[in-house]
Amino acid sequence: QTPGAASTPEEPDQLVFMAGYKPQANLPFVGVYVAQEKGFFAGQNLEVTIEHSAGQGQHLQMVSSGKVHITTQDAGILLRRRSDPGLPLVSIALIGQQGQQAFAALDTSGIHTPQDWEGKRVGYKGTPPPELFALIQAAGADLDKIELVNVGFDPRLLVEDRVDVYPVYKSNEPYILEQWGHPVRLWAPEDYGVPSLGLTYVTSDETLASHTDQLTRFLKAALQGIAYAEEHPDKAVDIVLQYTGPETDRDHMLFMLLEEIEDAHSDLTDEHGLGWQTREQWESLAQMLIEYEGMQQVDVEQVFTNALLEQAAGIK
Amino acid sequence: MDLTVSCLSHVYPGRKTRPALEAVDFTVPSGQFVALVGPSGCGKSTLLRLIASLIQPTAGRIEIDGGLTPSQAAAAQHIAWMSQSPALLPWLTARDNIAILRRVLPEGTRLRLSPDEALSMVGLEAAAEAYPFTLSGGMQQRLALARLLTLDSSLWLMDEPFAALDELTRERLSQDLLELWQPLRPTVLWVTHNIYEALRLANRVLVFTPQPGRIAADIDVPLPYPREEADPAFQQVLLQVRQALSLNRNQYEAAHA
Amino acid sequence: MDLTVSCLSHVYPGRKTRPALEAVDFTVPSGQFVALVGPSGCGKSTLLRLIASLIQPTAGRIEIDGGLTPSQAAAAQHIAWMSQSPALLPWLTARDNIAILRRVLPEGTRLRLSPDEALSMVGLEAAAEAYPFTLSGGMQQRLALARLLTLDSSLWLMDEPFAALDELTRERLSQDLLELWQPLRPTVLWVTHNIYEALRLANRVLVFTPQPGRIAADIDVPLPYPREEADPAFQQVLLQVRQALSLNRNQYEAAHA
Amino acid sequence: MKPHTPDSSARAALIIVLVFVLLWEGGVRLFSVPVYLLPAPSTILLTLAQNASMYAQATLLTVGEALAGLLLGVLAGVIIAVLLTLVPHIEAGVMSLAIMIKSTPLVAIAPLLTLWLGFGVLPKIIITALLTFFPVLVNVISGLQRVDGALLDLFRSWRASRWKLFLYLRLPSAVPYIFAALKISAPLAITGAVVAEWTGASGGLGRVMWLAYANLNLPYLFAPIVILAAIGISLYRLLAHAERRLVFWLPSSTVE
Amino acid sequence: MKPHTPDSSARAALIIVLVFVLLWEGGVRLFSVPVYLLPAPSTILLTLAQNASMYAQATLLTVGEALAGLLLGVLAGVIIAVLLTLVPHIEAGVMSLAIMIKSTPLVAIAPLLTLWLGFGVLPKIIITALLTFFPVLVNVISGLQRVDGALLDLFRSWRASRWKLFLYLRLPSAVPYIFAALKISAPLAITGAVVAEWTGASGGLGRVMWLAYANLNLPYLFAPIVILAAIGISLYRLLAHAERRLVFWLPSSTVE
Ligand SMILES: Nc1ncnc2c1ncn2[C@@H]1O[C@H](COP(=O)(O)OP(=O)(O)OP(=O)(O)O)[C@@H](O)[C@H]1O
Ligand SMILES: Nc1ncnc2c1ncn2[C@@H]1O[C@H](COP(=O)(O)OP(=O)(O)OP(=O)(O)O)[C@@H](O)[C@H]1O
Ligand SMILES: [Mg+2]
Ligand SMILES: [Mg+2]
């Protein structure tokens, strides 16, 4: 694990990557799958073990304790955890320049704007997200007239009329609902000027310091994987399907991949390359969390670094 | 209630080579008090269980009350059976062990005695509230006896009911039992190992051979009650029974030597 | 192995008003065969359980072998106890119910008989492979007896060991037992309800009063073995015991009337 | 041979639990385990004290659901066991169905229940009942079938109806088994209610724990566990006490 | 009074299960329940058939974990029960700890286990063991304590050591309780392994089900349930058979 180890070609460096959720076509996952299958990691003399989290925070515990070197996480959650209970998490690349959070209602529901939510049941998963409050306020709807319902993950509740508005990931549930014959209408925070960021590659302070070189090479290979996926989405989806179960709908994965590729690009990335992140992005997200969720102030400089991206750009 | 046993045999499953009863034939007229004696393991309890229809015979027939099967007779509550072990419900007091009959027997079944009368009949008044595990062996047996006497049945099947009792209690209970039996005249099959007891109570003694049980002797006891051991007629029947018992024992031992 | 019981009383918990035993005093010299007789529920089993140190007396002392407590004597394997119920392990065959002694008793404890010898002593050779629930009542009791006889102890506490046996088996076993007892000379406390049996076997008869049990009479049986019922000396002791029993029964009934 | 009084055993219990807690506290401090991996007992207790009223409220809801579910599960278990004892021919079939239900991970059924029954407490109670009925069923069936042969013969000699045989012989004989079943099911009911609340509940300890876990706030996750454990232990001791009183006719002492 | 043979009861079982399945199929078709709410049995079986080799592989892993966990849990339960029987003074304390462990939702422990033991099968086995040990513990303790008083006296008259008393009296007496415990724990072990794999496993039916659930692909979610139920029922019947052979001395028939 010393930097010198990299110079011995027969001894690849070991890294453990844990995807933040089940295997699917989230872009940061795809980058890793492709890098693995296409030999980009091997090309960087890395041997990467790929694990998957159930999405409930285990992966953050693992990264914090050093069992896992790198994982993926929503920028918003990363900020919250860094603030409380103080997990030493750092984003080394912001893949989702826009968040995937959105709110959906059935096309047939007669709900057209957030104002129409008044008098209706709006679902949330666990706790109402700050994006929801921010969106309602930005859209000028009256929160007091909206009934908030805790729903968990189950879009069937929308179809079965247990809720009127249901929280979704843009790249996921809308497809499923469409498949069931229930097209939906979406409201995303960014449409109302509410800051939102998507998935990042995350490591811990300690791993960042001890494995700088390995992580850089990892990032290089993963970005290469993402680039490959942008170019050959179909082949990338084939690779994804090697990681998912047979129950997976290929078109669903393709839909997800294309959605997320779109959201991975912004003016910033056009200028600096994929994954680039700025203080302003993080700061405005943090402000929203502080305002709508009472999050403790955090020093956003600790939360992200572009150093690895810069170095990665330098290596071949 | 008369009883006819014809050519009755019983072999327990897995005991093919050693039948418990073999070709037993006898008829008991209504109201007779029959003592069954015979060596340990000769099938006396088996016979009672067959008549109570707790088990089914391998061969032969049992007829009760001129044609009923044991099962029909039992269903009509004609039969009262008392097992060799006291078989008390451990979670009920002595009184409740008798009172439970009221609840378990079909609605409207007549009972001869109240629980307290039954208890006092066997001298257990003072133990009415005691649980079975706090009773001595003899007291448990008396409780089981009291429970049986509560039933208003006309065929009593009693498996060594006095085995755990001392002589005096046995004597007193014998008298009480005879007093009860004489007016009611149920048919009684009474298994015992005590020949004196058999001859104090019974009209007739059936002596069984060692396993497989067959009837070795059928001895009449034509003595008036109450009976006295000292009576020469008593002593004569006693001798008869003893001879029947030891005779067939000798035969058996000779045959198996 | 001698035994001294001084002023022994026992009251079961929750039975404050009716002690089971009251101020019992007696001494048994080593090698004596003592029969205990008394009405049902008078505390005979309780006395045996106290001596076997299965329960602790409310008052009084028991000394064994010149000073040992029952618990010490039991620990030294001096005591063999046979309960009133057969207490067989249902999951073991007859033979294994005896063979288990080898495993349970401390390493190196001497046993007098092999399981098969013990079985043949009580006439159960043929039932060696049978499970207890397939044995008749008398067979179960004989099996328990065989188990006790296997033990190499010098104080035998036997609670109605022949209660479920027919006269002939009883007689044969009595003879065998005496043959075993005479050379070994263990001290025996033998509870029975059969006075003939008591007088055929014992050197001495202790007669108990009805509950609460006290010693009503201490009767010597100075007869040589083998004994004959017809012997006038036998009849005389018989009368003595009967009188002691009925006397105190009458006293008791008068007192409680 | 010393009698072991409830008092002395309670003291022993306290000591054992205390030693465990102290070892835990010591371990966490010695190796300075970060709080997001394993919080120290002191931290947990502090959290508990600081949020007492919130936890009290959540506990009330969860315990209510747990007890209602337990009741339902025990009733279902007992009723099915009784049915199978009275109509034994269907035993294998019904047991197969019961095992099928038991083999279905609740997480697959829970959303269906919410779909059918809404977001209220009813689905939670039913999930708890589904978790608890099986041990009751199995144990009660065992108990009802294992009846002393001599007593069975007695009742058969009386021609007791199957129902009376059941009521006066099988049921009392099964009481020790029923208590064992309750002792197994009571802690299960509490965990069951928590699991049922885990997602999609509007209150209760399960929701509190889920939120704490989703936030990786482990002191808040473990504080309810203290409450759950306390309730579980109390229920167990209550049952053990009731058992001692009701099954007085069987020796149960392990001490000589 | 007709003897009910294993054969006839197996037939009855088959009929009952079949009726249940047909009602389900009929209900789904009649009300045309959408597949994302409740798939028809035929759809489930089709899914099963089409992915037979994948399911077979997953089943192997899950059953392996379940059996290993069951073994561990049963061993732990029995050993603790034995310990508590031999050293009864610690009973209340150890039971309290056991209930504490039992009251802790596994989801709180699971990541810790992964942290300590890695991503392999070991944490799954331990979670299964944690789920199964409690019923075993409670039932075995009950069984070990409920010994016939006359036999207890016999052994005491022999001055049998506590260990021999345990080995030759308590243990055989507890066998019916141990079987009841196994019958409860065996289906629990299977669910336990599934739940342990539910999140973060690299294989097994639990992972398959989790993926299916996350996609709300219900035929794929229910297909493994068929497998789980079949395994659960087989295990149960195996145990019932073994029990009939081993506890021959107690009547257990419910049929007269
Ligand atoms: N359930 C059973 N299974 C197999 N054999 C049995 C069963 N019950 C009794 N036997 C056998 O049948 C024979 C007769 O037993 P039974 O109990 O009828 O004898 P018994 O005459 O009552 O003897 P005792 O005077 O000792 O009570 C015995 O050899 C016994 O071993
Ligand atoms: N465990 C117990 N708890 C309370 N009382 C008991 C207990 N065991 C026996 N007794 C009572 O103590 C008295 C004496 O009982 P014990 O068994 O010693 O009598 P016994 O002389 O052996 O009678 P039997 O000849 O009927 O066997 C009886 O009144 C009985 O009810
Ligand atoms: Mg008999
Ligand atoms: Mg006695």
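Note that the coordinates shown come from a computational prediction; the quantities given were computed from them, not determined experimentally. Numbers restart at 1 for each chain; the letters A, B, ... are given by sequence-line order, proteins then strands.
For Thr134(B), the parts lying near chain C are the backbone and the side chain together; criterion is any non-hydrogen pair under 4.5 Å. Both the backbone and the side chain of Glu167(B) come within contact range of chain C, judged by heavy atoms closer than 4.5 Å. With a threshold of 4.5 angstrom between heavy atoms, Ala127(C) does not approach chain B through any atom at all. Residue Ala20(B): no heavy atom, backbone or side chain, is found under 4.5 Å from chain C.
Contact count versus chain B (heavy atoms, under 4.5 Å) is highest, among Ser136(C), Gly41(C), Ala164(C), Gly138(C), for Ala164(C). Across Leu165(B), Asp159(B), Thr192(B), Leu135(B), the residue that shares the most heavy-atom pairs under 4.5 angstrom with chain C is Leu165(B).
Applying the 6.0 Å contact sphere to CD of Gln235(B) captures more than 12 heavy atoms from other residues, nucleotides or ligands. Other residues, nucleotides and ligands contribute over 12 non-hydrogen atoms within 6.0 Å of the CD atom of Glu229(C).
Closest heavy-atom contact between Arg18(B) and Ala126(C): NH1-CB, 3.6 Å.
Under the 3.5 Å distance criterion, the side-chain polar atoms of Asp166(B) are matched with a main-chain donor or acceptor of Ser40(C).
Note: Gln141(B) CD to Gln84(C) CD = 9.5 Å, rounded to the nearest 0.5 Å. Rounding to the nearest 0.5 angstrom, the gap separating the CD atom in Glu171(B) from the CZ atom in Arg242(C) is 7.0 Å.
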